[in-house]
Every structure is written in C-alpha cells, then in structure tokens.
Amino acid sequence: MATPRVYDNVLSWHLASDRQMAFISGPRQVGKTTVGRQGADAYINWDDVEDRQLVLDGPRSVAEVLKLDRLAGAPPVVLFDELHKYPRWKQFLKGFFDTYGDRVRVAVTGSSRLDVYRRGGDSLMGRYFAYRMHPFSVAEVATQTLPPDRVLRDPTPLADEDFEALWRFGGFPEPYLRRDVRFERRWRSLRLRQLVREDIRDLTQIQHLDQLDAMVRLLIEQSGTQLVLKNVANHARVTIDTVRRWVATLSDLHLGFVVRPWFRNVSRSLRKEPKWYVRDWAAVADPGRRAETFVAAHLLKAVEGWTDLGLGDFELGYLRDKQKREVDFVVVRDGEPWFLVEAKTDDAPASPALEYFQRQLNAPFAFQLTIRQAYVPRNCFVSQGPPLVVPARTFLSQLL
C-alpha cells in the first residue's frame with residue numbers, strides 16, 4: 001500500500017471541487033504517478049506502446065475506451081502520464097477536454113514543467129489548474145491534511161528517527177522510506193544518470209552531455225551559494241550563455257531551483273545573482289550548505305503549494321545589500337514581506353542581519369532556524385517581534 005501523501009488530498013480536493021484538468025508536475029521519482037493513480041479510474045501512459053497509439057488515434061478513441069458515451073453516476077477520472085513527451089500533447093488535451101470535459105475528470109502528470117515545452121497546439125488557458133509536487137517535508141511526514149485557510153499549521157512533533165531520516169536520506173519517497181545507505185547511493189546515481197542521459201536527451205537539443213554532467217556535479221556541490229555563471233562556465237568549459245540555458249533546463253526538469261534577491265523593485269532583483277539549490281538536499285555533503293538547502297526546499301514547497309491551493313500569492317527570495325549584509329530567505333505574501341529566515345546547523349545567537357532587514361522591510365516575523373535544536377511545542381508565529389531562534393523541526397512542521 002502506498003504511503004499517504006498530502007498530494008493525495010490535494011488531488012481529491014481538486015477533483016471534487018473543479019471541472020478543470022489537474023496538472024501535476026515535479027521531479028523524477030517524487031511520486032506523481034503513485035498519487036495520480038490513487039484517485040484514477042483509468043491510467044494512460046505515453047511510455048506504454050499501446051497507450052501511446054491510443055493517444056495518437058485521437059480523443060474519440062480514448063473516449064471509447066473510457067466508455068464516455070454511457071451514462072455514469074459520477075464522471076470517471078483518467079490519468080495521463082508523461083503526456084508532455086508527445087509534441088502535440090496540448091492540442092490533444094484541448095480537443096479531449098473541450099469535447100468530453102463534462103463527462104470525465106482529467107489528471108496529467110509529468111517530470112518536466114507541463115507549461116514549458118510549447119510545441120504547437122492551442123492554449124490550454126482556463127482549462128487546467130497546476131499543482132507542483134515536492135518531496136516529503138517535515139510537515140508532510142507529520143500530517144497529510146490540507147493546510148488551513150489561515151495558511152500555517154499548528155506545530156506538530158515529529159519522531160526523532162523520522163526527522164533524522166529526512167535530514168540524512170532526503171525527502172524523495174524511496175530513499176526516505178528505505179533508509180538504507182547502499183540503496184540511497186545507487187538510487188541517487190541512477191536518478192542523476194537518467195536525468196542527464198535520458199530526460200535531457202529526449203526533451204532538449206543539448207548534445208554535450210559530458211560537459212553538462214560536470215556542471216551538474218558542481219551545482220550539487222555548490223548548492224546554497226550564489227550562482228556565478230562565469231565560474232560555472234569555466235568549470236564546464238562552455239560559454240556563459242550555455243550555462244544560463246542549461247541552468248534553466250535543469251530547473252525545468254526539477255534538478256534544482258534558483259532563489260533571487262528580493263526587492264520591491266522587481267527589475268533590480270533580476271540584475272542580481274540568484275542563489276542555486278538542489279532539490280535533493282541529502283546529496284549536499286557540506287553540513288552548512290545542506291542545512292540551507294534543506295530549509296530552502298521546505299520553503300519552496302510551502303510557497304508553491306500555498307499559491308497552487310489559492311491561499312494567496314507567495315514568493316521566495318533572499319536579501320543582500322551593498323554592505324554584504326545577507327539573510328538566507330524572505331517569504332513574501334501578496335507582495336509584502338511576511339517573514340525572514342536564516343538557516344543554521346547548530347545553535348547560535350540570532351544574526352544581526354535578521355534584525356536589520358526586519359526593520360528595513362517592516363516584516364512581522366524573523367526566525368533563525370537551528371537544525372540540531374530539539375522540538376519545542378509552541379507556535380513560532382504566536383506573536384510578532386524581534387528575531388527569534390527556533391528549532392527547525394518546530395518551524396517547518398507549520399508549513400506544508
């Protein structure tokens with residue numbers, strides 16, 4: 001039996017509430033297909049030869065297989081998996097949904113961002129809602145319920161062994177649940193090889209895979225640092241423009257993500273160097289960089305999930321000024337700084353930069369998270385005030 005995920009409830013909520021298609025994207029092996037199949041009556045996989053032919057035959061052939069010409073008590077749910085590999089996938093879905101959308105509910109899963117590969121066909125605007133799936137997090141291990149309307153959860157304790165497993169093996173389901181070092185090493189090596197040698201080969205025009213592989217390994221090692229394109233280009237022996245394109249591709253395929261400096265003036269933030277993080281924080285050897293990557297992945301999951309669920313417009317950034325004062329993260333809610341976060345492995349006094357930027361931005365909350373601090377059963381957001389040093393496991397349990 002599959003381990004429960006918060007995304008099981010997200011998909012169930014969507015299917016019960018909305019007629020639009022549900023697009024579920026996320027990293028390879030994050031569990032998209034498992035979640036999708038839990039709520040599906042029919043499963044159509046582009047990688048299966050017979051299913052592929054069914055799609056190529058057109059919407060009417062799929063409708064015949066699903067028996068959509070029969071009166072049903074409730075619309076059946078069909079899951080299309082990896083359909084974005086079909087060059088005309090948008091045209092197919094538009095035709096299928098426009099013709100049969102009142103008789104069927106549709107979920108679509110894929111390892112790439114489903115809005116990236118625009119290879120012809122009409123726009124699907126208004127015909128789907130997108131949900132971005134992430135690995136397990138502290139909050140999701142603790143509870144799989146949907147977040148409340150107030151966004152933040154109440155703090156929930158997590159068993160020490162579960163927290164340590166997240167920290168040591170990462171949040172991808174297989175290594176996290178197996179908790180076996182030898183399996184984890186083989187799993188990570190295979191996943192990287194499949195991403196570089198298969199996904200990128202199949203979905204892009206990139207040909208210099210050896211140089212790309214060298215860049216990927218550097219990006220994993222340097223997770224949590226500013227992305228200096230010139231340095232990466234020198235390491236991989238390619239041009240800066242090539243690095244920029246490859247980083248965008250790796251982000252689209254969910255190897256990692258960039259966090260940009262946040263300013264009220266958006267154009268200023270685009271001119272500053274972003275920071276790069278990998279999604280699999282367990283691959284980061286340095287403890288300090290792993291701590292920052294661990295927190296970054298949790299915050300990204302929260303801001304994307306809250307936004308996808310319609311709880312507000314959230315974004316994640318970092319803060320840095322000309323005096324080189326820096327705060328790891330700022331979470332912005334509906335255009336206004338909501339809370340600031342600094343990530344640390346061990347207990348330490350609150351960073352002076354936290355208080356400085358909190359005053360400058362008039363942010364209600366500022367926190368310094370400590371990975372190795374024991375859980376404290378108290379709401380971190382109970383009162384506004386100066387920066388507060390809190391256990392990571394308490395704070396992160398209140399997210400998503």
Side-chain angles (χ1 to χ4, degrees), residues 25-30 84 110-119 132 134 170 188-263 266-286 288-290 292-297 299-300 304 315-320 322 324 326 328-329:
S25 64
R28 174 188 278 272
Q29 297 183 357
V30 79
H84 63 275
S111 296
S112 73
R113 290 182 178 173
L114 292 172
D115 60 347
V116 168
Y117 297 101
R118 306 181 186 278
R119 299 178 178 172
R132 291 164 285 189
H134 292 255
R188 181 168 294 111
S189 176
L190 177 61
R191 179 174 176 272
L192 282 177
R193 187 164 63 251
Q194 288 174 328
L195 186 145
V196 174
R197 301 289 173 176
E198 296 179 19
D199 292 354
I200 289 178
R201 179 197 63 203
D202 293 342
L203 294 170
T204 75
Q205 302 299 316
I206 295 175
Q207 297 178 343
H208 304 291
L209 297 183
D210 290 336
Q211 289 160 285
L212 177 64
D213 184 71
M215 192 184 89
V216 165
R217 296 182 186 281
L218 178 68
L219 290 176
I220 292 173
E221 179 185 321
Q222 295 190 348
S223 180
T225 65
Q226 284 190 308
L227 183 62
V228 183
L229 298 179
K230 181 178 179 181
N231 294 346
V232 179
N234 290 338
H235 178 86
R237 299 289 192 269
V238 294
T239 67
I240 291 177
D241 284 343
T242 297
V243 170
R244 186 179 289 109
R245 291 195 302 271
W246 286 2
V247 168
T249 297
L250 293 172
S251 298
D252 292 338
L253 294 174
H254 304 285
L255 175 77
F257 56 95
V258 295
V259 174
R260 300 188 181 279
W262 186 83
F263 299 97
V266 175
S267 64
R268 289 185 62 194
S269 69
L270 296 179
R271 291 197 299 268
K272 299 291 184 179
E273 291 173 337
K275 297 179 77 172
W276 164 266
Y277 297 93
V278 294
R279 291 179 181 267
D280 183 14
W281 60 78
V284 183
D286 180 81
R289 292 179 180 175
R290 180 184 293 196
E292 189 173 333
T293 303
F294 180 76
V295 172
L299 291 174
L300 182 72
E304 290 191 346
E315 58 181 305
L316 179 64
Y318 79 94
L319 301 169
R320 182 181 174 91
K322 293 180 180 179
K324 297 186 178 180
E326 184 173 324
D328 291 337
F329 308 105

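Along the sequence shown, residues carry numbers from 1.
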According to side chain to side chain contact (heavy atoms under 4.5 Å, CB included), who are the partners of R193, at least two apart in sequence or on a separate chain?
S189, L190, R197
Going by side chain to side chain donor-acceptor pair (under 3.5 Å), name the residues that satisfy it together with T239, two or more places apart in sequence or in a different chain.
T242
Using the test side chain to side chain donor-acceptor pair (under 3.5 Å), find all partners of D280 that sit at least two apart in sequence or belong to another chain.
R188
Holding to salt bridge (Lys or Arg N to Asp or Glu O under 4.0 Å), I want the full list of residues that pass it with R217, two or more places apart in sequence or in another chain.
D213
Taking ring pair (Phe, Tyr, Trp, His ring centres under 6.0 Å) as the definition, give me every residue that meets it alongside Y277, ordered by chain and number, with sequence neighbours left out.
F257, F329
Could you pull out all residues at least two apart from E315 that satisfy side chain to side chain contact (heavy atoms under 4.5 Å, CB included)?
W262, V332
Output all residues satisfying salt bridge (Lys or Arg N to Asp or Glu O under 4.0 Å) with R289, sequence neighbours left out; order by chain, then residue number.
none
Value rounded to 0.5 Å, distance of CG in L300 from CZ in R132
7.5 Å
Got a sec, which residues hit side chain to side chain contact (heavy atoms under 4.5 Å, CB included) with E326, two or more places apart in sequence or on another chain?
K275, Y318, R320
Check side chain to side chain contact (heavy atoms under 4.5 Å, CB included) between I240 and all other residues, then give those that pass, not counting sequence neighbours.
L229, K230, A233, R244
Could you tell me whether the side chain of R290 and the main chain of V284 form a donor-acceptor pair under 3.5 Å?
yes
R260 side-chain N/O to E273 backbone N/O, donor-acceptor pair under 3.5 Å
no
Test item: S223 side-chain N/O and I220 main-chain N/O as donor-acceptor pair under 3.5 Å
no
Set of ring pair (Phe, Tyr, Trp, His ring centres under 6.0 Å) partners for W276, sequence neighbours left out
none
